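Worksheet for the structure shown next.
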Amino acid sequence: MLTFSRLIPLGFIVLIAGCAQTAPATSTTGSSPIAATAPGQPPLPLVGTHWKLKELAGQAITRTPPQQQDITLLLDGGRVSGNSGCNRMMGAYGTNGSSTLTFSQFAGTMMACQPADMELEQQVLKRLSTVNGYRYDGQDLLLTSDGVVVARYEATVKHF
């Protein structure tokens with residue numbers, strides 16, 4: 001049984017170990033921090049990584065904070081969550097862990113936004129509903145529909 005006198009040194013060791021962790025590296029573009037990966041490294045895992053939309057249907061997506069939030073995805077434990085451009089979204093996903101990916105049961109908040117943001121959000125949700133596969137291009141995650149890329153995401157932060 002642990003006594004109070006034994007918990008104090010244990011707590012101190014845990015505190016020191018936590019302080020010894022290094023912060024994630026930041027990207028060279030000055031955007032959100034990303035997990036450090038060297039060229040030629042395998043891509044970050046699909047599940048547990050925060051992904052930010054880079055392209056939708058071949059068109060570059062740029063957002064201007066703070067008025068416009070990044071469009072994001074996080075897959076974890078069979079649930080998907082993120083920001084769809086205007087609102088928070090959530091739903092379910094299924095994957096075989098190597099090439100198939102599907103989304104279902106999407107729901108979201110219902111905030112009013114600028115018309116252009118709402119239109120982009122509708123396009124994002126429409127494209128995500130057609131996804132049935134994924135692959136990587138370097139560190140980017142490509143979401144596909146019948147082999148055709150519908151969205152390109154970049155890793156922003158690895159979830160631990």
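Only a predicted model underlies this, so the values are computations on that prediction, with no experimental measurement involved. All residue numbers in this chain count up from 1 along the given sequence.
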Which residues share a side-chain contact (heavy atoms from CB on, under 4.5 Å) with [X], sequence neighbours left out:
{"X": "Ser104", "value": "Ala92"}
{"X": "Gln122", "value": "Glu119"}
{"X": "Ser145", "value": "Thr130, Val150"}
{"X": "Val149", "value": "Arg135, Leu142, Thr144"}

With sequence neighbours excluded, tell me which residues meet salt bridge (charged side-chain N to carboxylate O under 4.0 Å, His left out) with Arg152.
Glu55, Asp137, Asp140

The salt bridge (charged side-chain N to carboxylate O under 4.0 Å, His left out) partners of Arg63 (sequence neighbours excluded) come to Asp117

Starting from the C-alpha separation in whole Å, work towards a yes-or-no answer on side chain to side chain contact (heavy atoms under 4.5 Å, CB included) for Gln139 and Leu44.
CA-CA 7 Å; Gln139 294 295 311; Leu44 293 170; 3.9 Å; yes

Hey, are the side chains of [X] and [Y] touching, using non-hydrogen atoms and a 4.5 Å cut-off?
{"X": "Tyr134", "Y": "Leu141", "answer": "yes"}
{"X": "Val80", "Y": "Leu74", "answer": "no"}
{"X": "Asn132", "Y": "Leu101", "answer": "no"}
{"X": "Glu154", "Y": "Trp51", "answer": "no"}

List the steps and the verdict of side chain to side chain contact (heavy atoms under 4.5 Å, CB included) for Phe103 and Leu125.
CA-CA 10 Å; Phe103 298 105; Leu125 294 172; over 6 Å; no

Within this structure, what is the CG-CD distance for the pair Leu128 and Gln123, rounded to the nearest 0.5 Å?
11.0 Å

Find the distance between OH (Tyr153) and CG (Leu46) and round it off to the nearest 0.5 Å.
11.5 Å

Measure across [X] and [Y] and return the closest heavy-atom pair with its distance rounded to 0.1 Å.
{"X": "Gly138", "Y": "Pro43", "result": "O-CB, 3.6 Å"}
{"X": "Ile71", "Y": "Leu120", "result": "CD1-CD2, 3.6 Å"}
{"X": "Cys86", "Y": "Ala112", "result": "SG-C, 4.2 Å"}
{"X": "Tyr93", "Y": "Asp76", "result": "CE2-N, 3.5 Å"}
{"X": "Val47", "Y": "Gly77", "result": "CG1-N, 4.5 Å"}
{"X": "Ser81", "Y": "Arg88", "result": "CB-NH2, 4.4 Å"}

Who passes side chain to side chain donor-acceptor pair (under 3.5 Å) against Ser98, sequence neighbours left out?
Asn96

Checking Thr109 now: which residues fulfil side chain to side chain donor-acceptor pair (under 3.5 Å) with it, not counting sequence neighbours?
Asn87

Ring pair (Phe, Tyr, Trp, His ring centres under 6.0 Å) partners of residues 72-92, not counting sequence neighbours, each pair once
none

Which residue pairs satisfy the ring pair (Phe, Tyr, Trp, His ring centres under 6.0 Å) criterion with at least one member in residues 108-133, sequence neighbours excluded?
none

Members besides Met118 in its Ile/Leu/Val/Met/Phe/Trp/Tyr cluster (side-chain heavy atoms under 4.5 Å)
none

When Ile, Leu, Val, Met, Phe, Trp and Tyr are grouped by side-chain heavy atoms lying under 4.5 Å apart, directly or through other members, which residues fall in the same group as Met90?
none

Is a side-chain N or O of Thr95 found less than 3.5 angstrom from the main chain of Thr100, in a donor-acceptor match?
yes

Going hydrophobic residue to hydrophobic residue with side-chain gaps under 4.5 angstrom, can you get from Leu53 over to Phe106?
yes

For residues Leu143 and Tyr136: do they belong to one hydrophobic cluster (side chain heavy atoms under 4.5 Å, members Ile, Leu, Val, Met, Phe, Trp, Tyr)?
yes

Evaluate the side chain to side chain contact (heavy atoms under 4.5 Å, CB included) criterion for residues Leu73 and Met89: first the C-alpha distance (whole Å), next the side-chain angles of each, then the deciding distance (0.1 Å), finally the verdict.
CA-CA 9 Å; Leu73 284 178; Met89 67 169 180; 3.1 Å; yes

